[in-house]
Structure formats: C-alpha cells, structure tokens
Protein chains: 2
Amino acid sequence: MEEGTSKSPGHCGDTGGDYDVLQWDTREDCEVRQILDRIADKWSLLVIALLDRRSLRFTELKREVDGISQRMLTRTLRHLERDGLVRRTVHPTVPPRVDYELTPLGATLHDTIQTLVTWTERHQNEIAASRAAYDVRAAAERETAEAETTERNAIAHAALTNRPR
Amino acid sequence: MEEGTSKSPGHCGDTGGDYDVLQWDTREDCEVRQILDRIADKWSLLVIALLDRRSLRFTELKREVDGISQRMLTRTLRHLERDGLVRRTVHPTVPPRVDYELTPLGATLHDTIQTLVTWTERHQNEIAASRAAYDVRAAAERETAEAETTERNAIAHAALTNRPR
DNA sequence: CGGAATCCGCCACGATACTG
DNA sequence: CAGTATCGTGGCGGATTCCG
C-alpha cells in the first residue's frame with residue numbers, strides 16, 4: 001500500500017545492518033529530522049494533545065492553547081494536516097465552522113509523545129536540581145575569575161606606576 | 001551565555017485532579033515545556049545519540065555532527081550539562097582534552113527518544129505520501145482559484161470597456 | 001585543542017488589518 | 001468565524017577573532 005517506492009529525496013535511513021541509530025542523526029537533511037522538527041515544534045505538541053481528547057473548532061483551539069496567534073495556529077494545523085496527523089472538516093454553513101480531529105496516525109503519535117512527556121514529568125525535579133547546582137557553580141567560577149582579573153590588573157598597574165623600568 | 005535562564009520555577013503542573021495531560025500543555029511557561037524545547041533542539045538529539053555509544057571529545061563531536069558550528073556545539077553541551085544529561089570532564093593536560101559522556105539520566109532520555117525516532121522511521125512513508133497528496137490538492141485548488149480570478153477580471157474588464165453604463 | 005566574545009544576517013513569530 | 005496578507009522586530013544561529 002504505502003510500501004515500496006520511497007523516491008528517497010535523500011533516502012536516509014534503513015541501510016539495514018549495523019545501528020540505524022547512527023544513520024538518522026548525522027544527515028541533517030534526512031527526512032526523519034524534518035518530521036522530528038515538526039513534532040518538536042512549540043505548538044504542534046499542544047494541538048495534538050488537545051485534539052486527542054475530542055475534535056475541536058478553530059476558535060476553541062485558539063482559546064485553549066492560550067498564547068498562540070491565529071497565524072501560528074493556522075500554520076500549525078496546516079502542517080499537521082499535510083502530514084496526515086490531523087483531519088480538517090469544513091462545514092459549508094454561515095458563519096463557517098471548521099472542525100479539527102486527530103487521524104489514527106496522529107493518535108499513535110500522541111501515544112508516542114506521551115512517553116516523552118511522562119519522562120519529562122518524572123525527571124523534572126532532577127533536572128531542576130541539576131540546573132540549580134550548575135548555576136551555583138557557574139556563579140562561583142565567574143566570581144573567582146573576576147577576582148583574578150582585577151588582581152592581575154592591580155598588579156600590572158602597580159608595576160607600571162611604581163617601577164616603569 | 002545569553003540564554004534565558006528559567007526563573008520562577010513556580011511548579012506548574014500537578015494541580016491535581018482531572019487529567020494532567022491538560023495541565024502541561026496550556027501553560028507555556030511550564031517547566032515541562034522548557035525541557036521539551038531543549039529536547040526538541042536541533043542539535044541536542046544528535047549529540048545525545050552520539051554520546052550514547054561512547055564518550056567523545058569536543059573535536060570528535062564537532063566532526064561527527066557535521067554542520068554544527070563550534071558555538072552551537074558549545075552551547076548545546078553546556079545546556080545538556082546544566083540539565084544533568086551530560087558530564088563534562090576536563091583533563092588538565094596540554095593541549096587540553098575535554099571528554100563528554102552521557103549521565104545515567106541522559107541515557108534514560110536517549111531510550112525515551114528512541115521510541116519517538118522509531119515511530120518516525122516507521123511512519124515516514126505514510127507521512128511522505130500524505131504530504132505529496134496534500135501538495136497535489138493544494139496546487140489544484142490554487143489553480144482553480146487563479147482561473148476564477150482571471151475570469152472575474154476578464155468579465156469586469158469587458159463590462160467596463162464595452163458597456164460603461 | 002577547547003573554548004569565549006563579538007558582529008551580523010535572516011527569518012520565525014507576533015501584531016495588525018482586511019476578506020469571504 | 002476562519003482564515004489570508006502585510007509589515008516590523010527579536011533572537012537564533014553562523015562566521016570570525018582572540019585567549020589559555
């Protein structure tokens with residue numbers, strides 16, 4: 001069905017054998033990266049998560065996402081629709097009504113994403129702690145470095161003023 | 001580092017009750033989003049994937065990623081280090097040598113990411129097909145719309161030139 | 001070798017106004 | 001209501017230079 005002809009605009013992965021892990025990353029023009037970038041998109045995740053529960057109208061989405069501009073919402077939805085993750089249904093009424101819903105493919109993506117969100121929720125405390133510790137270290141280092149430079153400057157200045165040889 | 005440090009960790013989610021699914025998405029300042037954005041980062045995934053196999057030096061990393069600037073590599077590594085995903089080891093030799101390796105936390109993240117990459121690889125054909133179909137439809141629509149406007153213009157022009165009432 | 005600091009182009013995104 | 005079109009800008013990311 002959808003099998004076969006991957007016309008391969010770059011035909012990245014599945015050379016088989018070894019680790020495919022190393023295949024998808026080095027090529028930045030790889031198609032996997034394109035899709036990943038879309039998924040990684042700031043708004044896509046939110047839209048997908050919202051649509052997973054029920055289909056929504058444009059304005060409902062706009063209201064729920066809170067912070068998205070209509071421009072970005074439109075773009076995001078178009079992209080998701082293009083990728084076959086979201087289905088757009090236009091009701092020829094007046095005023096117009098457009099419903100958005102997740103396709104089966106989109107639903108499977110949402111499942112996959114959830115594991116990542118779960119990971120994030122589970123480890124956000126560790127990460128926060130790590131960040132705090134890092135910031136403390138960084139601040140300390142910056143301070144010592146600063147002290148050293150001022151001291152160095154003081155020495156140099158003293159050498160120049162007191163005994164210019 | 002001119003990076004925007006996340007002040008106000010203000011513990012976003014877990015207001016309890018209902019679905020937590022709906023908690024992490026609506027708040028854009030949520031910490032989960034911050035972490036997700038980092039993961040979504042163009043280079044972070046690549047670096048993590050490479051470090052999963054073995055620890056690497058700075059230059060090795062730079063050579064393997066292919067396309068990254070030293071600035072971005074440094075930034076990426078600093079961020080990952082700050083989040084506790086990567087450990088940085090400086091050998092006080094000359095010339096200097098710095099090794100980067102995944103922390104246990106970073107390793108678990110890599111595992112989680114892998115499921116997403118697997119999903120992408122598994123469905124990239126469907127997505128490519130969907131995109132192609134969408135593009136065809138879009139092109140067709142654009143063409144009809146264009147035809148309509150030209151026709152409309154022709155009618156208007158005729159009306160103005162032949163019988164200006 | 002492994003960075004830090006500086007300059008700068010560019011485009012992604014937001015705000016606004018208009019349309020059907 | 002559900003978009004498109006247009007313009008202005010902030011910041012991301014690349015190139016370059018200098019330092020330890």
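Below, chain A is the first sequence line, B the second, and so on; all start at residue 1. Every value quoted in this text rests on a predicted model; they were computed, and no experiment measured them. All heavy atoms count here, side chains included; hydrogens, waters and symmetry mates do not.
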- Note on the structure: DNA chain D nearest-nucleotide lookup for B/S69 and A/V90: closer to the 5′ end is A/V90
- Query: A/R71 CZ to D/dG8 P: how many Å, rounded?
  - Reply: 15 Å
- Query: Given D/dG3, is OP1 or OP2 found less than 4.0 Å from the side-chain N or O atoms of A/R88?
  - Reply: yes
- Please state how far atom CH2 in A/W43 lies from atom P in C/dC13, giving the value in whole angstrom units. 10 Å
- Message: Check this one for me: any side-chain N or O of B/R78 less than 4.0 Å away from OP1 or OP2 of C/dG3?
- Response: yes
- Item | Distance in angstrom units between A/D37 CG and C/dA12 P, rounded | 12 Å
- Using whole Å, report how far CD1 of A/I68 lies from C1' of C/dG14. 11 Å
- Item | Residue whose closest nucleotide on DNA chain D lies nearer the 5' end, A/F58 versus B/M72 | A/F58
- Task: Measure the distance from CG on A/D41 to P on D/dC12 and round it to the nearest whole Å.
- Result: 15 Å
- Item | Nucleotide nearest B/Y100 (side chain, heavy atoms from C-beta), chosen from C/dC13, D/dT16, C/dG3 | C/dG3
- Task: For B/T108 and B/L105, indicate whether the former's side chain and the latter's backbone hold a donor-acceptor pair under 3.5 Å.
- Result: yes
- Could you state the atom-to-atom distance from NZ of B/K62 to P of C/dG3 in whole Å? 12 Å
- When you check the gap from the basic side-chain N to the acidic O, do A/E64 and A/R54 get nearer than 4.0 Å? yes
- Atom CZ of A/R122: over 12 foreign heavy atoms under 6.0 Å: no
- Task: Quick one: do A/L85 and A/L109 satisfy side-chain contact (heavy atoms from CB on, under 4.5 Å)? Show the steps, please.
- Result: CA-CA 8 Å; A/L85 301 170; A/L109 175 58; 3.8 Å; yes
- The residue, A/R75 or B/P96, whose nearest nucleotide of DNA chain C is more 5′ is B/P96
- Message: Nearest whole Å is fine: how far is C/dC1 C1' from B/R57 CZ?
- Response: 7 Å
- Under a 4.0 Å N-O cut-off, is there an ion pair linking A/R137 with A/D135? no
- Item | Closest to side chain of B/Q70, choosing from C/dG3, C/dC13, D/dT16 | D/dT16
- Query: How long is the line joining CG of B/L73 and C1' of D/dA15, in whole Å?
  - Reply: 16 Å
